[in-house]
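Notes follow once the structure below has been shown.
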Amino acid sequence: MMGENFAFLLPVVLTLFGVAFLVVGRFGNRAALFWGTGYLSAAFGFLVPLLGVVVPVPAVALAADAAFLCAFFFYSHALVTHFAAPRLVNVRLAVVATAYAGASLAVLVGQSLRFELFINDIACSTLLVLALLSSWRRSNSWIDRALFGAVMFVILETTVRTIVFFVMAGTLAMGEFIGSSYAYVMQVTATIGALVMALTALASVALRIVERHRKAAEEDPLTGLLNRRGFEQLVGAGRGVAKTEAAIVVADID
């Protein structure tokens, strides 16, 4: 019963985060759009197994694999976009294509859910690792470092879970997946990872937007110098801490 509740709860949670990111993305943050697309793809991936009663199991497995690979591709793209890091698009697309080909062989030829899950999940972790390595030296604030920590948590959780169940679930049949312990544990840990990463990513994106609007309100766009509002904020920030002295020099070049 609990597993069935998670099966319905997780897609709802992921969809809500996806919509929230897309709304935030309307304020001019491209990374938020990629985060939103990723979370909506993941929500679809967790909904797909519910179609197993009317759709052949191999088709369900391949559709879910495609959804999760797309989700993690967009997560990784959101990271490199957020930090203006090298995007490594060709490398990440190669990981997706190779993983999907391998998972398809495992499903259609080997009839092995064990190998299909291993290939797909390790590829998802690899996509985040590539984005993390590309963006590692570009964090400038505590929230960015918290985002890195959340992504590392998702990588570690996905990798450890995958390896453990690859060893333990050697006899798991495809048709038994939805009611299996693997499905339940995957939903619980994925929920935690999704919440942690989504909350930190949303906070990081929101602070970037706030900072951009603050700079637009307090700095001259041509020179980058403080305007009157920015100057007053700067002087006012020192009040109550130490004596702050300031002066304005005004000159007309003409």
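Linking Ile, Leu, Val, Met, Phe, Trp and Tyr residues whenever their side-chain heavy atoms come within less than 4.5 Å leaves Val19 and Leu195 in two separate clusters. Hydrophobic clustering places Val60 together with Phe44 (ILVMFWY residues linked when any side-chain heavy atoms are closer than 4.5 Å, directly or through intermediates). When hydrophobic clusters are built by joining Ile, Leu, Val, Met, Phe, Trp and Tyr residues whose side-chain heavy atoms come closer than 4.5 Å, directly or via intermediates, Tyr100 is grouped together with Val91. Follow the hydrophobic side-chain contacts under 4.5 Å out from Ile143 and you never reach Phe148; the two are in separate clusters. Criterion: ILVMFWY side-chain heavy atoms under 4.5 Å apart, direct or through other members. Under it, Leu22 and Phe17 are not part of a common hydrophobic cluster.
Side-chain contact check for Leu40 versus Leu14: every heavy-atom pair is 4.5 Å or farther apart. Inter-residue side-chain proximity for Leu108 and Pro58 is flagged as met; some heavy-atom pair is nearer than 4.5 Å. By the 4.5 Å heavy-atom criterion applied to side chains, Leu113 and Val107 are not counted as neighbours. Side-chain contact between Thr162 and Leu117: absent, with no pair of heavy atoms (C-beta onward) separated by less than 4.5 Å. Counting heavy atoms from C-beta outward, Phe83 and Leu147 have side chains that approach closer than 4.5 Å.
Between atom CG of residue Asp121 and atom CD of residue Glu157 there is a gap of 9.0 Å, rounded to the nearest 0.5 Å. Note: Ser76 OG to Leu133 CG = 12.0 Å, rounded to the nearest 0.5 Å. Taking CG of Leu79 as the reference point, atom CG of Leu132 lies at 7.0 Å (rounded to 0.5 Å). Of the inter-residue distances, the one linking Cys124 atom SG with Ile155 atom CD1 reads 11.0 Å to the nearest 0.5 angstrom. Note that CG of Leu105 and CD1 of Ile119 are 7.5 Å apart. Values are rounded to the nearest 0.5 Å. With rounding to the nearest 0.5 Å, the separation of OG1 in Thr158 from CG in Asn120 is 11.0 Å.
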Test log, rule side chain to side chain contact (heavy atoms under 4.5 Å, CB included), inputs Arg26 and Leu33: CA-CA 8 Å; Arg26 296 189 62 185; Leu33 298 177; 5.7 Å; no
Step-by-step ring-ring contact (aromatic ring centres under 6.0 Å, His included) determination, Phe74 to Trp35: CA-CA 6 Å; Phe74 282 115; Trp35 281 116; over 10 Å; no
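Residues Gly45 and Ala67 approach most closely at CA-CB, 3.5 Å, considering heavy atoms. Nearest heavy-atom pair across Leu88 and Leu130 is CD1-O, 4.1 Å. The shortest heavy-atom contact between Ala85 and Ser135 is CB-OG, 3.5 Å. In this structure, Ala64 and Val48 approach most closely via the heavy-atom pair N-CG1, 3.9 Å. Across all their heavy atoms, Leu127 and Arg92 have their closest contact at CD2-O, 3.5 Å. Of all non-hydrogen atoms in Pro86 and Val80, the two that sit nearest each other are O-CG1, 3.7 Å.
Aromatic ring orientation, Tyr39 versus Phe21: parallel (interplanar angle below 30°, classes split at 30° and 60°). Taking the six-membered ring where the residue is Trp, Phe46 and Phe68 present perpendicular rings, their angle passing 60° and hence far from 30°.
Every side chain to side chain donor-acceptor pair (under 3.5 Å) that Ser125 has, sequence neighbours left out, goes to Thr159.
The local environment of CZ in Arg30 is sparse, with at most 12 non-hydrogen atoms from other residues, nucleotides or ligands closer than 6.0 Å.
Aromatic pair Tyr75/Phe72: centroids less than 6.0 angstrom apart.
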Donor-acceptor contacts under 3.5 Å from residues 200-207 side chains, at least two apart:
unit_1, atom_1, unit_2, atom_2, d
Thr200, OG1, Val196, O, 2.9
Thr200, OG1, Met197, O, 3.1
Ser204, OG, His82, NE2, 2.8
Ser204, OG, Asp144, OD1, 2.9

